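Here the structure is a predicted model, which means the values were calculated and not measured.
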Amino acid sequence: MTSQLATTYLQNHSGDHSGDEFVKFLDDDEIEPDFSNVTPWKILITDDDQTVHDSTVLALNGVIIHGRPIVFSHAYSASEAREVLVNNPETAVILLDVVMETMDAGLRLVEVIRHELNLQSLRIVIRSGQPGGVNTAHESYRTFVDSFTIKSKITRSALIDVLEEVLAPTPDA
């Protein structure tokens, strides 16, 4: 049986199929990019909801950001996330829920990340389930967070855009 790689894309032209999703299958003999010598972006998904983990992995599976693939780590609480970060300080991005074991566990973790663990280059993306929580997040945390999103409103393309923005090379790099 021949294995095939499926890539999903949206057709962006007018007609009967405008906006429909299609799957394109690549045959085995088509050239796939070789990422064996490329360091992947490590992204830590931190949320107490398993469906958020599953949908994030599904949405970002196979996505390449600035020429690098993505690998995922998972944490289901702020304390678990802290442990993952201690053991993996090279993690590039944390996708962080606010409300987990406490109403502000994610925001408290931001302080731990920046002050206790001193992970200044880690990009923090807050993904809140409460729309008001994103807009009214403690002002003191805003300077330590790279992006804020609302879980129920973010699309696959918007999540990719956020990652491309926060992982963009800096002019001094």
Side-chain angles (χ1 to χ4, degrees), residues 3-12 19 21-26 30-76 78 80-98 100 106-107 109-110 112-114 117-129 134 137 141-173:
S3 65
Q4 297 178 324
L5 172 67
T7 56
T8 303
Y9 68 95
L10 293 176
Q11 183 175 5
N12 291 323
E21 282 195 43
F22 291 91
V23 176
K24 177 183 176 192
F25 292 93
L26 300 178
E30 290 189 55
I31 298 174
E32 294 179 33
D34 179 15
F35 292 109
S36 60
N37 293 325
V38 177
T39 303
W41 296 112
K42 291 187 177 184
I43 297 179
L44 173 57
I45 303 168
T46 303
D47 199 297
D48 58 351
D49 185 346
Q50 181 64 48
T51 60
V52 172
H53 289 259
D54 295 343
S55 61
T56 302
V57 170
L58 180 64
L60 297 176
N61 188 33
V63 170
I64 305 301
I65 303 290
H66 301 297
R68 295 168 61 180
I70 297 171
V71 295
F72 300 97
S73 299
H74 300 272
Y76 297 87
E80 256 185 69
R82 183 190 182 285
E83 184 177 330
V84 170
L85 291 170
V86 164
N87 294 319
N88 300 280
E90 71 284 358
T91 300
V93 176
I94 182 170
L95 300 174
L96 179 60
D97 187 19
V98 173
M100 292 179 286
L107 294 176
L109 181 59
V110 169
V112 168
I113 289 168
R114 295 298 192 227
L117 300 179
N118 199 31
L119 296 174
Q120 303 307 317
S121 64
L122 176 67
R123 284 68 154 212
I124 300 173
V125 177
I126 296 288
R127 297 197 308 173
S128 178
V134 170
Y141 290 98
R142 288 193 171 273
T143 59
F144 300 113
V145 173
D146 298 283
S147 186
F148 291 87
T149 64
I150 300 170
K151 285 190 267 186
S152 64
K153 296 190 187 261
I154 194 158
T155 63
R156 176 182 189 267
S157 61
L159 182 55
I160 292 168
D161 288 346
V162 166
L163 291 176
E164 286 177 342
E165 180 183 326
V166 301
L167 291 171
T170 57
D172 59 336

* **Nearest heavy atoms of E80 and A75, plus distance in Å** => OE1-CA, 3.5 Å

* To do: Calculate, to the nearest 0.5 Å, the distance between atoms CG and OG1 belonging to L96 and T149 respectively.
  => 10.0 Å

* To do: Please answer whether the main-chain N or O of E83 pairs with a side-chain N or O of N87 as donor and acceptor at a distance below 3.5 Å.
  => yes

* Locate the shortest heavy-atom distance separating L109 from A81; write the atom from each residue and the value. => CD2-CB, 3.6 Å

* Separation between CG of L95 and OG1 of T46, rounded to the nearest 0.5 Å -> 8.0 Å

* Asked: Atom CD of Q50 and atom NE2 of H74: how far apart are they, to the nearest 0.5 Å?
  -> 8.0 Å

* Compare every heavy atom of I64 with every heavy atom of P69, then report the nearest pair and how far apart it is. => CA-CD1, 3.7 Å

* Roughly how far, to the nearest 0.5 Å, is the CG atom of L58 from the OG1 atom of T51? -> 12.0 Å

* Mind listing the closest non-hydrogen atom pair of L119 and R114 along with its distance? => O-NH1, 2.6 Å

* Structure fact -> Heavy-atom nearest pair, W41 first then I65, reads NE1-O, 2.7 Å

* Asked: If you measure from CG on L60 to CZ on R156, what distance do you get to the nearest 0.5 Å?
  -> 7.0 Å

* Structure fact -> Taken in chain and number order and not counting sequence neighbours, the residues that satisfy salt bridge (Lys or Arg N to Asp or Glu O under 4.0 Å) with K151 are D47, D97

* Approximate separation, where rounding is to 0.5 Å, of F148 CZ and I124 CD1 -> 9.0 Å

* salt bridge (Lys or Arg N to Asp or Glu O under 4.0 Å) with R123: which residues, sequence neighbours excluded? -> none

* To do: Determine, using ring centers only, whether F72 and H53 are less than 6.0 Å apart.
  => no

* **Identified side chain to side chain contact (heavy atoms under 4.5 Å, CB included) counterpart of S73 within the set I45, L44, I94** => L44

* **By side chain to side chain donor-acceptor pair (under 3.5 Å) - contacts of T56 (at least two apart)** => R127

* Check V98 against I126 and note the closest heavy-atom contact, atom names and distance. => CG2-CG2, 3.4 Å

* Asked: Under the side-chain contact (heavy atoms from CB on, under 4.5 Å) criterion, do L163 and I43 qualify, and how do the steps go?
  -> CA-CA 10 Å; L163 291 176; I43 297 179; 3.9 Å; yes

